[in-house]
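Just the heavy atoms: all of them, side chains too, but no hydrogens, waters or symmetry mates, feed the values below. Bear in mind that the values here come from a model prediction, so they are computed numbers and not experimental data. Each residue takes its place number in the sequence, starting with 1.
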Amino acid sequence: MLFVNKTNIPLITTFANHLLKYPTPLNLTYAWSFGSLAGLFFTLQLITGILLVMHYTPHINLAFESVEHIMSDVNGGYIFRYAHANGASAIFIFMYLHIARNLYYQSYLTRPVL
């Protein structure tokens with residue numbers, strides 16, 4: 001087995017070998033990662049949504065003020081709000097790209113053998 005670094009730290013060696021020297025098929029392209037990216041952005045949506053809901057007030061008279069509070073008073077609140085808003089669009093983009101890749105390669109025609 002080829003080791004990337006010569007350290008005796010097993011955690012660094014394991015991560016380096018799996019990130020840099022992981023054996024993959026030749027036909028595996030970047031188009032195969034759209035489903036994983038959609039899942040990654042969905043996880044980002046969950047995290048930012050939980051952080052935003054801690055400061056949001058769902059009352060008819062206080063909702064706008066709570067959004068202003070998030071944007072101006074919470075440390076990094078504007079980043080969480082914009083990441084949450086743009087992450088929703090990214091999920092749909094990656095989902096459509098994932099479906100388009102499956103239609104292009106006709107992945108729906110092959111059935112797993114049981």
Side-chain angles (χ1 to χ4, degrees):
M1 175 179 271
L2 177 67
F3 290 105
V4 175
N5 55 4
K6 304 294 185 201
T7 64
N8 291 332
I9 303 171
L11 189 62
I12 294 175
T13 305
T14 303
F15 280 136
N17 285 329
H18 280 287
L19 291 176
L20 299 175
K21 298 294 182 187
Y22 197 75
T24 56
L26 291 176
N27 64 346
L28 191 64
T29 62
Y30 286 108
W32 291 87
S33 63
F34 292 137
S36 298
L37 285 172
L40 180 73
F41 274 92
F42 182 72
T43 305
L44 178 74
Q45 284 293 104
L46 288 174
I47 293 169
T48 57
I50 290 170
L51 291 173
L52 287 172
V53 81
M54 287 187 215
H55 295 279
Y56 182 71
T57 305
H59 188 267
I60 192 166
N61 295 328
L62 301 174
F64 184 73
E65 284 83 8
S66 68
V67 173
E68 282 184 341
H69 166 70
I70 290 170
M71 293 293 287
S72 61
D73 298 335
V74 176
N75 289 333
Y78 64 96
I79 295 173
F80 293 127
R81 183 171 178 236
Y82 289 138
H84 192 74
N86 292 323
S89 299
I91 286 175
F92 282 105
I93 289 169
F94 288 128
M95 184 178 64
Y96 292 141
L97 288 171
H98 179 67
I99 292 170
R101 187 214 27 109
N102 285 327
L103 290 174
Y104 179 75
Y105 287 114
Q106 297 179 348
S107 300
Y108 54 90
L109 293 178
T110 59
R111 301 279 183 195
V113 178
L114 297 176

Among pairs that include at least one residue of residues 33-47, which meet side chain to side chain donor-acceptor pair (under 3.5 Å), considering only residues two or more places apart or in two chains?
none
Given the rule that I, L, V, M, F, W and Y join up when any side-chain heavy atoms are under 4.5 Å apart, are [X] and [Y] in one cluster?
{"X": "F80", "Y": "I50", "result": "yes"}
{"X": "V74", "Y": "V67", "result": "no"}
{"X": "F42", "Y": "M95", "result": "no"}
{"X": "I60", "Y": "L62", "result": "no"}
{"X": "I99", "Y": "Y104", "result": "no"}

Student check: side-chain heavy atoms of E65 and T57 closer than 4.5 Å
no
Is the closest side-chain heavy-atom distance between L97 and I93 below 4.5 Å?
yes
Spacing of L51 atom CG and I79 atom CD1 [to the nearest 0.5 Å]
12.0 Å
Rounded to the nearest 0.5 Å, how far apart are NE2 of H98 and CZ of R101?
5.5 Å
Please verify the inter-ring angle class for F92 with Y96; under 30° counts as parallel, over 60° as perpendicular, anything in between as tilted.
tilted
Minimum heavy-atom distance [X]-[Y], with the two atoms named:
{"X": "A38", "Y": "I91", "value": "O-CG1, 4.2 Å"}
{"X": "F41", "Y": "G87", "value": "CD2-CA, 4.2 Å"}
{"X": "T48", "Y": "H84", "value": "OG1-ND1, 2.9 Å"}

Pairs touching residues 47-70 that satisfy ring-ring contact (aromatic ring centres under 6.0 Å, His included), sequence neighbours left out
H55-H69
Would one find more than 12 heavy atoms of other residues, nucleotides or ligands at under 6.0 Å from atom CG of D73?
yes
